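Note that this is a predicted model, so its numbers are computed, not measured. We name chains A, B, ... by the order of the sequence lines, and we start the count at 1 in each one.
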Amino acid sequence: MDIVIATLSSPVILFFILGLAAAFARSDLTIPEAVAKGLSIYLMIAIGMKGGVAVSKSGFTPDLAAAAAAGVALSFALPYLAFGLLTRFGRIDRVNAGAVAAHYGSVSVVTFVTAVEILDRQGLGPAGYMVAVLALMETPAIISGLLLARRGERGDGDRAGGLWHEVLLNASVVLLIGSFVIGFAAGAEGFAATAPLFDGLFRGLLCLFLLDMGLVAGRRLIETRALTARAAALAILIPLVNGAIGTLTGSAIGLDTGSAAALGILAASASYIAVPAAMRLALPKADPGLSLAMSLGVTFPFNIIAGIPLFTMLAQRIG
Amino acid sequence: MDIVIATLSSPVILFFILGLAAAFARSDLTIPEAVAKGLSIYLMIAIGMKGGVAVSKSGFTPDLAAAAAAGVALSFALPYLAFGLLTRFGRIDRVNAGAVAAHYGSVSVVTFVTAVEILDRQGLGPAGYMVAVLALMETPAIISGLLLARRGERGDGDRAGGLWHEVLLNASVVLLIGSFVIGFAAGAEGFAATAPLFDGLFRGLLCLFLLDMGLVAGRRLIETRALTARAAALAILIPLVNGAIGTLTGSAIGLDTGSAAALGILAASASYIAVPAAMRLALPKADPGLSLAMSLGVTFPFNIIAGIPLFTMLAQRIG
Amino acid sequence: MDIVIATLSSPVILFFILGLAAAFARSDLTIPEAVAKGLSIYLMIAIGMKGGVAVSKSGFTPDLAAAAAAGVALSFALPYLAFGLLTRFGRIDRVNAGAVAAHYGSVSVVTFVTAVEILDRQGLGPAGYMVAVLALMETPAIISGLLLARRGERGDGDRAGGLWHEVLLNASVVLLIGSFVIGFAAGAEGFAATAPLFDGLFRGLLCLFLLDMGLVAGRRLIETRALTARAAALAILIPLVNGAIGTLTGSAIGLDTGSAAALGILAASASYIAVPAAMRLALPKADPGLSLAMSLGVTFPFNIIAGIPLFTMLAQRIG
Amino acid sequence: MVTTVTRKRVEILIDSALAPRLIHAAADAGIEGYTLIPVQSGAGRGGRWRDDAVSGASAKSIFLTIASEEKAARLVDALAPNLDAHGMLLTLSDVEVVRGERF
Amino acid sequence: MVTTVTRKRVEILIDSALAPRLIHAAADAGIEGYTLIPVQSGAGRGGRWRDDAVSGASAKSIFLTIASEEKAARLVDALAPNLDAHGMLLTLSDVEVVRGERF
Amino acid sequence: MVTTVTRKRVEILIDSALAPRLIHAAADAGIEGYTLIPVQSGAGRGGRWRDDAVSGASAKSIFLTIASEEKAARLVDALAPNLDAHGMLLTLSDVEVVRGERF
Ligand SMILES: Nc1ncnc2c1ncn2[C@@H]1O[C@H](COP(=O)(O)O)[C@@H](O)[C@H]1O
Ligand SMILES: Nc1ncnc2c1ncn2[C@@H]1O[C@H](COP(=O)(O)O)[C@@H](O)[C@H]1O
Ligand SMILES: Nc1ncnc2c1ncn2[C@@H]1O[C@H](COP(=O)(O)O)[C@@H](O)[C@H]1O
Ligand code: NA
Ligand code: NA
Ligand code: NA
């Protein structure tokens, strides 16, 4: 239960709840877009560098390879499960179900970062290489989602070029991998001079970013017209299922408790950056309002408040 | 006199003067809007959290209750005095006088923050609960101002809903109260992890923000067409009167020197965020150019440069 | 050779290369404009204050006066040399050659800041007054460039007013000089309270800014239609010549190795902020695409990656 | 070319603080669709202004809507008395749209 | 007054994510010149939206181009079938320009 | 519907650095009121541009003014010779306004 208390009393989570509450109360509080985007760039660089520095210390271990392979496999496989639930239980058409499924196979950087923050305070800090796993899990789900959405249709060869480009070189992949490599090259010594920014301010800036995420998630939930009750239920059910699968996989391949929990949280989390952009290009007829209401409006708050402690406890039980 | 030297040699004040000078010299220097808004959000969160942490240590004391009651009473009462001066000496019509009076009953967050900064360096740091007083003083003046402006007119029942909402849930009230509560809940221990951001950077970021305030205040003064000589004189006279009343009230209810000075500075300061927005909604016929030229163009610089040392000295004399 | 390794393994430079690579790969990564502008304001204030603090310790020395005089002289003189190369070898018309020449006589703040960063790590930190030299070198080249572009034409007296104003009060001059003076007035003691921001975060924020500079420089290079092969060659040749002249001058007037290298780098660097804006006003018929492709697309990356180590080694040889 | 129909393009420069009220007024006139465009600075009889971000009170936006002539007229009639007091600037023009039934 | 000629002003509100595709479509119709204008928020049949910066997917922009009647018609014809599915809003109007040969 | 009159809507895309000069030119033509709208990016004969914030020199804005036909013509005449050299894009169209005497 410590993890529940730790989660709910962390300033990081309290700021998220403040944002949600302000949005529900229809306060006019907003974080300027440019600042929010700047914070999200900061978080990706900081976590990328820290991961790279950690791997420069630990070296490339078999664990790392196993976790990477598991992450990629999960990102490819999970959309198939989600697609089934979305079309059958959710009564969502094929194109939209494919688009939503891709979101759930992919990952949310901020959910991961928040989980690491909370795990760290519990002495369960996941391995540094989990950042690389995070980056690797961003895109395979997009392929699965497209295959599902286009099943039985001929491909749209002409447009594929732009899509692959978008998928492999989208901003968050470039930032995470780029700063991971820089952190790896610079090592602990090179990192030291930048640590006041990338380490010292990390927790405080995460508070600000989660305040914004609370506002954005809350407003999305209020203003959506696309979210049905069944879709909302799935936006909680899918992360529960995916998170359990991810945590069990992590344990099965022998990851430490913190890393297994982190893999579970990655599996449970849903993308709201890389995938929506890719889907807008690849499936312009899918309604972005539906997938964002689910991933950002429901799943993100669920994971931040309930998912993180849940999968941590699961990892502790089976670990 | 120490306080005068401390004020004028503080980098915080020097950056404000740099901003004013650049505006008067018509330099093209500008701080991007998004950055300025981000800084102002930062300042409110930082000061809110620090106040909450302080109260979590000291507990709810009778002093706190007395200061809160005095603050609310001042915010309600001061507009009546200002309204008299504005209509009689200032020759300003009822609607505009009511709008301006509301600005002077309410408070300026940055003036308060700058005062705390300077008082701290003098060993006169005001009590942590003064942040709560600041938040409480933001809105009562709006009611008084509206009553004054609409005296003898029937209310505009239809629109009142939106207004109350704006008044009670405006961004600065939500941020100040929200982060006060989070600071209170987190306590010194929970705050520690965010201290490099909310404490370490505070003074430096205040320099940047005051540079922007200098630019904005200076430009407003240059470009205004609404400011008459009488209005400009009142923009110095009203804060002098209000500040003296506030400081004396603080002393009378038994606050320590620093807190009494802070109450004086709150009374002397004029809103340029919450109130202008509320007045635009409630009294759309009032000229926002007049109240902003007075509060932002004249009163704000006056308080930063002269008001803070003045009311501090007054509190020291009578303390 | 240490300096080459130090340059290429510094996270600051690695982030620049990441930005360049992302731009060349046509990734959609972008830093929001407001954040980039905020960072550039931060850098100028931080370096200005640090320079002022340093001079407040060392006092005004003959070295300072010599360096200042040399800087102004170089800024006036170097455009004449560049103009010759541009018109003869580059086959560029008089107006465009004058505009480009002004860029090369003036300086790039970020090139200077990056150089200081790298020199510092080598124990070769230049003197604090070099910041003042930087500020002084920004504008004289504009005069030379205009004289060259308008040679044989009658002046455009009417418009000169706006131009002089722009030149002497442009944002970067105001920020550099203003914060230099504030740093000088505040001294080490006054600076201490702002040091967590202006000193502690410096290196980390410089990484972020150079990431953006890499993106901007790379995109400019890709998207330009104005850059001929000859112009590109000159964008490397001119900084080589100017940098050698600057370093030799620095040595000749007796500056220490680090300061001589810094003067060389200032001479080699080309403006992409103050001068383009001034040229747009003074020579609206000059193509801003050409001068920015040269200064930002070619010369800036060249100096960051090759120029800094090169002129440092030169200063060490002759020092 | 696909067939197009003529609709009214209504462009209203307004204080951002008053935008929610304008959105209400438009809805009352039957106009649900609109787009808000940011504005940098300007000048008029009240002197120059620019959005200083410090006091959001001076920010302005452009409210842009495409509507049928009838709805546009209803909106303009509702706003006309307050245009000046509220510092709004309203212009109307004709535009062609594809599938006009949605406006 | 200098002589002016009439050209088409085509204004298309589009999801920023789809803008590169629209730029391609315009180039296919012979239109190389365009300007993108940022947009703050809006509402339509799909409810309200605002750019939250967190998920760039909801940002929109206005694509503005001045083109000859012929090129504009070609672009409109190419886009018409997808206007609704892609959530675009397209308007056309006449404007006068100086030296129209470049459009 | 309230009565409206026809005025000219003048829209000029211009380098932000040159905007102060355009504001002067407009004032010389008797036009005091205008609004500046930010612009994101674009393309033309000079290739693509976007505002990189690093070198403000590539930022552009839209200068929008509503003016009487006469004042608009005076402004267009004054600008016409330099439109190309200064990289400006100018369009004119008719709009209806309420209370046109202020323009
Ligand atoms: N009548 C309209 N006038 C102006 N903008 C509109 C209108 N209808 C829709 N929009 C804009 O187009 C976006 C998408 O519209 P819709 O596809 O109807 O949801 C909205 O969010 C608005 O920004
Ligand atoms: N036909 C057009 N329609 C809209 N904007 C244009 C057009 N042509 C040029 N522009 C804009 O004007 C800028 C300068 O154009 P140019 O002088 O042709 O390079 C471009 O970057 C675009 O933003
Ligand atoms: N003729 C005009 N054309 C375009 N915008 C205008 C015009 N007149 C006023 N404005 C805009 O409307 C705002 C308010 O105008 P005013 O009420 O005249 O001060 C100004 O700050 C401008 O942004
Ligand atoms: Na997932
Ligand atoms: Na007050
Ligand atoms: Na130079």
For a quick test of reading the model, state the closest non-hydrogen atom pair linking F/P20 to F/A17 and the distance between them. CD-O, 3.5 Å

Would you mind checking which part of F/I23 comes under 4.5 Å of any heavy atom in chain D, side chain (CB onward), backbone (N, CA, C, O), both or neither? side chain

Could I get the full list of side-chain contact (heavy atoms from CB on, under 4.5 Å) partners for D/A73, not counting sequence neighbours? F/M1

Can you name the residues of residues 93-103 of chain F that have some heavy atom under 4.5 Å away from a heavy atom in chain D? F/D94, F/V95, F/E96, F/V97, F/V98, F/R99, F/R102, F/F103

Do the side chains of F/H86 and F/D15 get nearer than 4.5 Å, heavy atoms only? no

Could you please state which residues from residues 26-34 of chain F sit under 4.5 angstrom from chain D, measuring non-hydrogen atom to non-hydrogen atom, sorted by number, or 'none'? F/E32, F/G33, F/Y34

Straight-line distance of D/K60 NZ to F/I37 CD1, nearest 0.5 Å: 13.0 Å

Honestly, the part of D/L79 sitting under 4.5 Å from a heavy atom of chain F is neither

Option in D/P38, D/G42, D/A43 with maximal non-hydrogen atom pairs under 4.5 Å from chain F: D/A43

Look up atom CD1 in D/I12 and atom CG in D/L83, then write down how far apart they are to the nearest 0.5 Å. 7.5 Å

Residues in residues 63-70 of chain F near chain D [non-hydrogen atoms, under 4.5 Å]: F/L64, F/I66

D/K8, part contacting chain F, at a heavy-atom distance under 4.5 Å: side chain

For D/A72 and D/L92, which heavy atoms make the closest approach, and how far apart are they? CB-CD2, 4.4 Å

Distance from D/L89 atom CG to D/I14 atom CD1, nearest 0.5 Å? 11.0 Å

Going through the distances and angles, do F/D84 and F/R45 end up as a salt bridge (Lys or Arg N to Asp or Glu O under 4.0 Å)? CA-CA 11 Å; F/D84 244 4; F/R45 295 153 307 166; 3.5 Å; yes

